Amino acid sequence: MLTAKNKSEPEPLRSMPASAKASEIASASLPDTLAALRVSPETGLTHGEVDTRRKEHGFNEVAEEKGHPVLKFLGKFWGLSAWMLELIMLLSLVLRNYADLAIVGALLVVNAVLGYAQERRAAGVMETLRRRLQVSARVLRDASWQVVPARELVPGDIVRVRPGDIIPADVKLLSGTSSVDQSALTGESKDVDKVPGEVLSSGSIVRRGEGNGVVLLTGAKTYFGRTTQLVQSARPELHIEAVISKLVRWLFVIVGALLSVVIVMSLIRGAPLLEMIPLMLVLLMSAVPVALPVMFTVSMAIGSAELAKRGVLVTRLSASEDAATMDVLCVDKTGTITMNQLAVSGVIPLKHATEADVLFAGALASEEANQDPIDLAFLAAAKERHIFDNSPKAATVSFTPFKAENRRTEAVLEQDGRRFRVMKGAVQTVAQACGLLPPAIEELEARLSESASKGYRTLAVARGPETGVVELVGLVTLYDPPRPDAKSLIAALRDLGVPVKMLTGDALAVARQIAQGVGLPNIRRVADLKAASALAGNETVDLLTGLDGFAEVFPEDKYIVVQHLQAAGHVTGMTGDGVNDAPALRQAEVGIAVSTATDVAKSAASVVLTEPGLRNIVALVEQGRTIYQHVLTWIINKISRTILKSAFVAIAFIVTGQFVVSAFAMLLLVFVLDFATIALATDRVRPSKKPETWAIGGFVAVSIVLGVAMVAETLFFLWIGWSRFGLATDSNALNTFSFLTLLSFSVFTSASLRERRRFWATLPSKTFAAGLIAGALTGTILTRVGLPGLLPMSWSQTLAIFAYAMVSCLVVNDAVKVEMLKRLVPTAVA
C-alpha cells in the first residue's frame, strides 16, 4: 500500500488530477496500477471502501436526461402555429362563437398530440444503452468471490471475465489471456487478443480465454459511457420544422399587412375598431395552416409504408423528407461497405504444395460448430473451390480450438486408415511448430509486410504425421470483403447528387485499399481534418470538398465529421451498425442503421434497413424526394390560397363596407380545402435527380404572383356579380357567392399547382382527384342545406362561378405559372 512518504511510487487515485487518472493508470505497470487504485488482487475491496468510492464515482451507469412528459406535451402549445390557433380561440370567445372555439381548440389539441407522439419515437435510445450496462459481474470483495449487478462496480474492484461475458466497465487485465470482440465499439470485425497489462473496454465481448482484472473506469467515464453521452447530446436540426415555422411567419405577415391596411382605412372612415374583430377572426382563419401537421404526418406515413415494403423502416417520420434534401452520405466501412466477415483473399503455397493442398489442410483445421470467423472463412473457401469433392473423406479424431497461449487451431484426422495432423494459426507460432529457425521465420514475415500494410491478415497452414514435426504447406491471407452492392450503390447515389464519404477506424493504407475497390479513391487521415479545422478557426469552411472519406477515425471523430458537414450547410446522412456509430447516427438528419446493426445503433438511427445490403438507400432518397414534392406543393397552394382568401375579404370589405364571408364560412372553407388537399400525399410526382432544397424563394414568388392574380380575377368577378347576381342587396347571397368563388378557385388552383409543367402533363392520382372533387361537392352541398349565412344560389349561377374559376386557373394562371417557373426555377420544368 502506498504512503505519502514514498515519493518513488505513484500517488493514490484520489490525489491524481481527474484528467490524468485514466491515461496514467491505464499505461502504468500492474503493480503501480494496483497501488494507485489502493486494492489487493488477493482480497479485493472491502464493503466500506466500495461504499466510499461509490459516493465519489457514482453507480456504473450513465445518468439519463429526462424531461417531464407533461411539460414536453405542454410545450407543443407554444410556437407561432399554436399562437395563431390560440388567438383565433380568444377572438371566438370574445365574439361568443363557441362552435368556432370548440373546433379550433380540438385542432390545437390534435396537432399537439401528433407532435408529441412523433418525439416519443426516439425515446428508446437511452433505455437500450442503459440495458446494455445492466449485466452481472463476478467480483472479489472481502476476499470472497460474489456475483453483483454491474451497476454496483466501482474503480478498484477485482473482477473475473470469462468467454461470453460483456465487459461491464473499463478493466485492466491482471492475469490470463483473452480474445475479445470489439466490433460493437470499434466497428472492426477482427477479434483482439489481450494479455495482462492491457485494457478491456466496456461493452466488448470475451470470445476466448479468461482471467482477472481490475476496474479502472465506470459509468459515463468509460468508452461505452462516453458514447452514450454523445448520443444524449446529439440533436439534429429538423429542416421541415424550420420550414413550417417560416411558412407560418409568412402567412402571419400577409394577414398582418392586410389587417393593418383595413384598420387604417376604417380609421379614416371613422368606423369603430371593435367592428374589426370579426374581420381579424376571418383573416386569421384564412391563414392558419390547420391541416399542415396532419398533411405532413400522412405524407410521411404513406412514404414510410411504401419504404417498409422495400425493406426500409423509418423510425422518425421526418427522416424520409430529410432524405430528399440529403446532399452527402457518410458511411461506416465495416458492416456497411464491407461484409463484416472474413474471407480468403489469397493462397500462397510453399515448396511442392498446391493451393488446394493449403486450403484442404486449413479447412480440416477448422470447426464449423465453433462459428469462429477464421474457421468459417477457410470452410467457405474450400466449399467454393470444391476442395473436398476430389478428396477421400477424412474423419476428425480430435480437434484443439484456438487458445491465446498457442495462437493456433489443430486437428488430428484419419483418412484411408492413416492418421495425420493439420494446424493453422499465427505465422510465427506455426513456423516454430514446423521447426523453422529465426532467420527463416523473419524472411517469411518480411514477405507478408505488404499484405499486412493493406489490412490483410495472414495465417500459416501446416500438415504432418500424427506425432512429430509438421511441415509448412502455405500461407493464406484473409480480409473483410466489400459488399457486392457497395460499388453500385455509391455510383447510384453519386448520380442522384449524393456523394459518399467513408469513415473507418482502419489505418490509412487499409482504408485506401477497400475504398479504391468501391470507387472512393481520395481517403485521408481524420487527423488532417482536425488540423485543417483548427487552422480555419471559427470560419465555416467545407473541408471535405473533394475528399471521399477518412481513416483512423474514432467514434467522437464520426460525430465531429457529421457536425462539421452540417455547419458547412450540408444535410447529412450517416450509415452504421455498431455502438461506435450511435452518436453520429443520432446527430445526422438521416441516420441509417444497416440490418446487422446493434440495438443501440438501431435505436439511435432514424432509418433502419431490415434487409441485407444498402441498395434500399437509393429507394429512401427517391421516396424522400417524392414526399418533398408533395409537401412543397401543399405549401405553394397554401400561400397562394391565403393571399386569395385574405386579400379578397379585406379589399372587398374596404370597397363595399361589408363582410363578404363570415367567420363560420371561412372555417368551412379551411376544413373543406385544407383537408381535401391532404390527398396530395398520394399524388404522382417526378423525383428530382439532384438533392432538393428548402431555399424555395422562387416557388414562393410564383405562389405570391398567382395569389395576386386570383385576387384580381375574383374581385373582377365580384364586380360583375354585384349587379348581375343581386349581391348588393342580399348579404346572404353575397356570402354564398364569395364562398363558392373562393372554393372553386382553390380547387382548380390545386389542380394546376400539383404539376410544375402544364397541368395536363401528368394525370393526378385517383385519390387526389377524388379528394378535390369531394371537396368541391361538399362545399357546394353545404351552401344548399340552409346553414347560417349561406343562401342557396341557382345551379346556373353556381356553374357559372365554377366555369369562370376553371378558365382563370387552368388556362390563364397555369400559363403564368409555367413561364415564371422557367425564369425563377428552371430545373422544376426541365
Side-chain angles (χ1 to χ4, degrees), residues 118 121-122 236-244 292-293 295-331 489-501 562 565-566 569-576 585-594 605-611 613-636 678 680-696 699 754 756 765 827-828:
Q118 200 169 340
R121 286 177 172 268
E237 176 189 357
L238 301 182
H239 294 269
I240 188 64
E241 292 180 357
V243 172
I244 291 174
L292 180 56
M295 187 271 169
F296 173 68
T297 302
V298 169
S299 185
M300 299 298 163
I302 292 174
S304 299
E306 182 63 29
L307 287 170
K309 297 176 183 176
R310 306 187 188 185
V312 181
L313 176 63
V314 177
T315 60
R316 190 184 73 221
L317 286 181
S318 62
S320 50
E321 178 275 328
D322 281 326
T325 56
M326 180 176 71
D327 59 4
V328 63
L329 176 65
C330 298
V331 298
L489 165 75
I490 291 169
L493 286 171
R494 190 180 293 117
D495 291 340
L496 288 171
V498 184
V500 172
K501 312 288 184 184
V562 171
L565 286 166
Q566 291 171 331
H570 292 287
V571 178
T572 307
M574 171 75 194
T575 71
L585 288 172
R586 181 72 181 276
Q587 177 63 27
E589 287 89 347
V590 187
I592 305 169
V594 298
S606 52
V607 175
V608 177
L609 303 182
T610 59
E611 297 176 359
L614 301 171
R615 172 61 60 185
N616 292 327
I617 293 180
V618 176
L620 172 65
V621 171
E622 291 175 344
Q623 187 65 41
R625 293 179 184 179
T626 297
I627 293 172
Y628 167 92
Q629 293 291 342
H630 292 154
V631 176
L632 178 61
T633 299
W634 196 94
I635 289 174
I636 297 170
I678 288 176
L680 269 171
T682 68
D683 197 20
R684 300 186 182 99
V685 297
R686 295 173 298 122
S688 170
K689 291 297 182 182
K690 298 295 179 184
E692 304 285 10
T693 174
W694 282 114
I696 55 175
F699 288 106
R754 60 164 293 276
R756 307 296 180 253
S765 68
T827 56

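Heavy atoms only: backbone and side chains are in, while hydrogens, waters and symmetry mates are out. Nothing here was measured: the structure is a model prediction, and the numbers come from that model.
Heavy atoms only, all atoms of each residue included: P687 and T626 are closest at CG-OG1, 3.5 Å. Of all the heavy atoms in G497 and P691, the pair that sits closest is O-CG, 3.2 Å. When all heavy atoms of A588 and G573 are compared, the closest pair comes out as CB-C, 4.3 Å.
Side-chain contact, R756 with T633: a donor N or O sits under 3.5 Å from an acceptor N or O.
Residues satisfying the side chain to side chain contact (heavy atoms under 4.5 Å, CB included) test with E692, not counting sequence neighbours, are A324, T325, R625, Y628, Q629, S688. For R684, there are no salt bridge (charged side-chain N to carboxylate O under 4.0 Å, His left out) partners, not counting sequence neighbours. Looking at residues two or more places apart in sequence or on another chain, you find a side chain to side chain contact (heavy atoms under 4.5 Å, CB included) between L493 and L329, L489, V498, V500, I617, V618, V621.
Under a 3.5 Å cut-off, the side chain of N616 and the backbone N or O of V312 do not form any donor-acceptor pair.
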Q. What's the verdict on side-chain contact (heavy atoms from CB on, under 4.5 Å) for K689 and D495, showing C-alpha distance, side-chain angles and the deciding distance?
A. CA-CA 7 Å; K689 291 297 182 182; D495 291 340; over 6 Å; no

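In this structure, C330 SG and Q587 CD are separated by 11.5 Å, a value rounded to the nearest 0.5 Å. Within the model, atoms CG of D327 and OG1 of T693 stand 9.0 Å from one another, a figure rounded to the nearest 0.5 Å.
For the side-chain contact (heavy atoms from CB on, under 4.5 Å) test with M326, the passing option among L620, T572, V590 is V590; the others fail.
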